[in-house]
Amino acid sequence: MDLQIDGNAALVTASSSGLGKASAKALAREGVDVVINGRDEERLEAAREEVTDVATGEVVAQSGDLTDADDIATLVQTTVDEFGRLDHLVTSAGGPPSGAFLDTDDEDWQQAYDLLVMSVVRLAREAEPHLREGEGGTIVNITSRSVKEALDSLVLSNSVRMGVIGLEKTLSKEFAPEVRANAVLPGPHETSRIQELVNDAVDRGEYDSYEEGLQGWAGNPLERIGDPMELGNTVAFLSSPQSGFINGTALPIDGGSTGANL
């Protein structure tokens, strides 16, 4: 399928690894010029090289802290300066620490809110005029299946990420018709973080092999963990005119593990 986004420009945050990087690769492979982002300069450069290997457009790496308003403004401006446009915004951020409610304090809550919600608020605010200028601007927020079904010992993710969904739904109305806004809700995918956790569990003797440990993360009707590119490809589709009538949707990408009907 031709996604018809060749020559567009995108900003993908927290894309030096994981699902953000997979999203950047999927867009770049379709001919989109992409700015990728992360805080670790060495890992960011490695990601730039990896994305460039599959790209048919340009790939620019811009470091920045998503809890810093000035860094966010720089990310958006860099995209416009480099490519002369900004058509697609993909927001991603690292997850907050795990823990039960009574194990979290006010600082934990504030940090999680700044990282997960205010980063999206600021990105959307900075990107809005540029997204409206093109022919079909899009926002895709990468959140978590925890907004559909609360997960044990993840009180910060369960609670704070809900704010992103409320924002996404609001933007889908306020920015329309020029801009569409949607969210994806990933379950476990075989990212470097999952690989690290599985290998640690194998080292502790909880599993006999990496493959067995990976299977332990499946927990869905498809009986396997997700490939990050499966999510990345969905993000690219939602960024394209091929999904032009999808707006204000929060799409689980979890192999069917979520028990919620809607």
Just verifying a value: how many Å separate [X] [atom1] and [Y] [atom2], rounded to the nearest 0.5 Å?
X: Glu168; Y: Asn247; atom1: CD; atom2: CG; answer: 8.0 Å
X: Thr79; Y: Leu11; atom1: OG1; atom2: CG; answer: 4.0 Å
X: Ile225; Y: Thr191; atom1: CD1; atom2: OG1; answer: 7.5 Å
X: Ser23; Y: Ile142; atom1: OG; atom2: CD1; answer: 3.5 Å
X: Leu214; Y: Tyr207; atom1: CG; atom2: OH; answer: 9.5 Å
X: Gln62; Y: Arg48; atom1: CD; atom2: CZ; answer: 13.0 Å

Under 3.5 Å: donor-acceptor pair, side chain of [X], backbone of [Y]:
X: Glu230; Y: Gly226; result: no
X: Asn8; Y: Val32; result: no
X: His88; Y: Ser239; result: yes
X: Gln111; Y: Asp108; result: no
X: Lys148; Y: Leu262; result: yes
X: Lys25; Y: Val51; result: no
X: Ser16; Y: Leu44; result: no
X: Ser243; Y: Ile246; result: no
X: Glu58; Y: Asp33; result: no
X: Asn220; Y: Arg224; result: yes

A side-chain contact here means heavy atoms from C-beta on lying under 4.5 Å apart; do [X] and [Y] qualify?
X: Val35; Y: Val12; result: no
X: Asn158; Y: Val147; result: no
X: Thr138; Y: Val179; result: no
X: Val121; Y: Val117; result: yes
X: Gln215; Y: Glu223; result: yes
X: Asp227; Y: Glu190; result: no
X: Pro241; Y: Ile5; result: yes
X: Val76; Y: His130; result: yes

Is it possible for you to say whether [X] and [Y] belong to one hydrophobic cluster, with membership spreading through side-chain heavy-atom contacts below 4.5 Å?
X: Leu251; Y: Phe245; answer: no
X: Phe101; Y: Leu154; answer: no
X: Leu116; Y: Val140; answer: no
X: Ile253; Y: Leu27; answer: yes
X: Leu75; Y: Val120; answer: yes

Check this for me, if you would: do Glu50 and Lys21 make a salt bridge, where the nitrogen-to-carboxylate-oxygen distance has to be below 4.0 angstrom? yes
Are Arg132 and Glu128 close enough for a salt bridge, meaning some N to O gap below 4.0 Å? yes
Atom [atom1] of [X] with >12 non-hydrogen neighbours under 6.0 angstrom:
X: Asp208; atom1: CG; result: no
X: Arg85; atom1: CZ; result: yes
X: Glu135; atom1: CD; result: no
X: Asp152; atom1: CG; result: no
X: Glu42; atom1: CD; result: no
X: Asp106; atom1: CG; result: no

Under 3.5 Å side-chain donor-acceptor pair for [X] and [Y]:
X: Thr67; Y: Asp65; answer: yes
X: Asp114; Y: Gln110; answer: yes
X: Asp254; Y: Ser257; answer: yes
X: Ser63; Y: Glu41; answer: yes
X: Ser146; Y: Ser157; answer: yes

Of all the heavy-atom pairs spanning [X] and [Y], show the shortest one and how long it is.
X: Gly248; Y: Lys169; value: O-NZ, 3.0 Å
X: Leu231; Y: Pro186; value: CD1-CB, 3.4 Å
X: Ala236; Y: Ala26; value: CB-CB, 4.0 Å
X: Pro97; Y: Leu156; value: O-CD1, 3.8 Å
X: Ala14; Y: Ser92; value: CB-O, 3.2 Å
X: Gly31; Y: Thr56; value: CA-OG1, 2.9 Å

Any chance you could lay out the side chain to side chain donor-acceptor pair (under 3.5 Å) test for Ser240 and Gln4, step after step, and finish with the verdict? CA-CA 7 Å; Ser240 78; Gln4 302 173 14; over 6 Å; no
Check the pair Thr91 / Thr13 against side chain to side chain donor-acceptor pair (under 3.5 Å), numbers first and verdict last. CA-CA 5 Å; Thr91 71; Thr13 64; 5.4 Å; no
Identify whether NZ of Lys or CZ of Arg in Arg180 sits under 6.0 Å from the centre of the six-membered ring of Phe175 and within 45° of that ring's axis. no
One pair to check against side chain to side chain contact (heavy atoms under 4.5 Å, CB included): Leu3 and Met1. What are the steps and the verdict? CA-CA 6 Å; Leu3 295 186; Met1 180 186 295; 3.9 Å; yes
Full working for side chain to side chain contact (heavy atoms under 4.5 Å, CB included) between Leu131 and Ile139: CA-CA 9 Å; Leu131 295 173; Ile139 299 172; 3.7 Å; yes
Gln195 vs Asn199, test: side chain to side chain donor-acceptor pair (under 3.5 Å). Steps then yes/no. CA-CA 6 Å; Gln195 291 169 352; Asn199 283 323; over 6 Å; no
Derivation and outcome, side chain to side chain donor-acceptor pair (under 3.5 Å), residues Arg161 and Asn141: CA-CA 10 Å; Arg161 289 187 191 274; Asn141 305 125; over 6 Å; no
